[in-house]
S.K.: 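Questions regarding the structure given below will be posed in turn.
From a predicted model like this one, the values you see are computed outputs, not experimental measurements.
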Amino acid sequence: MNVAQLLERSALYHADRPALIFGERRWTYAELDRDVSAPAAGFAALDFRRGERIALHLPNRPDFVLTYYAALKAGLVPLSLNMSY
């Protein structure tokens, strides 16, 4: 079981519990899983293939979390790049 599958399982069993909090914005596990599924489908539509690497050059914000989980859900290998460079 990978991290994306754990998110799906958490969305099933703990749908209304908080999963991500950033300032005033909160995502439940169900919301986070839903918001991750759209970009995951987008990666597939862009012809990314399972096991391909994808570089994430994003700050430590919800966008990173959503994109990271989406990459995993699409079967990609996310590589985080340091924003300081």
Side-chain angles (χ1 to χ4, degrees):
M1 180 173 291
N2 67 31
V3 176
Q5 291 167 328
L6 288 173
L7 173 60
E8 291 172 349
R9 177 185 252 183
S10 295
L12 181 65
Y13 292 109
H14 308 289
D16 295 328
R17 295 184 71 187
L20 178 63
I21 300 169
F22 183 77
E24 297 297 317
R25 177 67 167 102
R26 295 171 179 263
W27 284 262
T28 65
Y29 281 102
E31 291 169 334
L32 184 60
D33 187 49
R34 179 200 65 215
D35 288 353
V36 162
S37 293
F43 288 139
L46 291 171
D47 206 27
F48 281 96
R49 292 185 174 79
R50 293 184 72 75
E52 282 189 302
R53 293 171 184 88
I54 185 168
L56 306 180
H57 191 250
L58 298 165
N60 292 335
R61 300 179 54 87
D63 296 341
F64 176 84
V65 175
L66 295 168
T67 308
Y68 183 85
Y69 275 113
L72 291 173
K73 196 171 228 190
L76 303 175
V77 179
L79 305 170
S80 59
L81 303 176
N82 188 328
M83 289 291 298
S84 298
Y85 293 127

S.K.: Using the rule that Ile, Leu, Val, Met, Phe, Trp and Tyr join whenever any side-chain heavy atoms are under 4.5 Å apart, tell me whether V3 and L32 fall into a single cluster.
M.R.: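 V3 and L32: one cluster.
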
S.K.: Quick one: which residue pairs count as a salt bridge (charged side-chain N to carboxylate O under 4.0 Å, His left out) with a foot in residues 31-41, not counting sequence neighbours?
M.R.: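 Listed once each, the pairs are R25-D35, D33-K73.
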
S.K.: On a heavy-atom basis, which atom in V77 and which in G51 lie closest, and how many Å separate them?
M.R.: CG2-O, 3.7 Å

S.K.: Should we say atom CG of N60 is surrounded by more than 12 heavy atoms from elsewhere, each under 6.0 Å from it?
M.R.: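 For N60, atom CG is not crowded (no more than 12 foreign heavy atoms under 6.0 Å).
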
S.K.: As an exercise, state the distance from CZ of R9 to CG of L7, rounded to the nearest 0.5 Å.
M.R.: 12.5 Å

S.K.: Who passes salt bridge (charged side-chain N to carboxylate O under 4.0 Å, His left out) against R49, sequence neighbours left out?
M.R.: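 In terms of salt bridge (charged side-chain N to carboxylate O under 4.0 Å, His left out), with neighbours along the sequence ignored, R49 is linked to D47.
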
S.K.: Residues in salt bridge (charged side-chain N to carboxylate O under 4.0 Å, His left out) with D63, at least two apart?
M.R.: none

S.K.: Taking side-chain contact (heavy atoms from CB on, under 4.5 Å) as the definition, give me every residue that meets it alongside A30, ordered by chain and number, with sequence neighbours left out.
M.R.: A15, T28

S.K.: Determine which pairs satisfy ring pair (Phe, Tyr, Trp, His ring centres under 6.0 Å) with at least one residue from residues 7-36, sequence neighbours left out, and list them in order.
M.R.: none

S.K.: Indicate yes or no: at least one non-hydrogen side-chain atom of L20 is less than 4.5 angstrom from one of P62.
M.R.: yes

S.K.: R61: what forms a salt bridge (charged side-chain N to carboxylate O under 4.0 Å, His left out) with it, not counting sequence neighbours?
M.R.: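 So R61 forms no salt bridge (charged side-chain N to carboxylate O under 4.0 Å, His left out) with any residue.
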
S.K.: Can you tell me which residue pairs pass the ring pair (Phe, Tyr, Trp, His ring centres under 6.0 Å) test with a partner in residues 58-80, sequence neighbours excluded?
M.R.: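 As it turns out, the ring pair (Phe, Tyr, Trp, His ring centres under 6.0 Å) pairs with a partner in residues 58-80, which skip direct neighbours, are F64-Y68.
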
S.K.: For residues 12-24, pull every pair meeting salt bridge (charged side-chain N to carboxylate O under 4.0 Å, His left out), keeping only residues two or more places apart or in separate chains.
M.R.: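 Every candidate salt bridge (charged side-chain N to carboxylate O under 4.0 Å, His left out) pair involving residues 12-24 fails, so no pair, neighbours aside, qualifies.
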
S.K.: Test of understanding: with side-chain contact (heavy atoms from CB on, under 4.5 Å), list the residues that count as partners of A74, not counting sequence neighbours.
M.R.: A40, F43, L76

S.K.: Looking at residues at least two apart in the chain, or sitting in another chain, which of them share a side-chain contact (heavy atoms from CB on, under 4.5 Å) with L46?
M.R.: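 In terms of side-chain contact (heavy atoms from CB on, under 4.5 Å), with neighbours along the sequence ignored, L46 is linked to F48.
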
S.K.: I need the L56 CG to L79 CG distance, nearest 0.5 Å.
M.R.: 7.5 Å

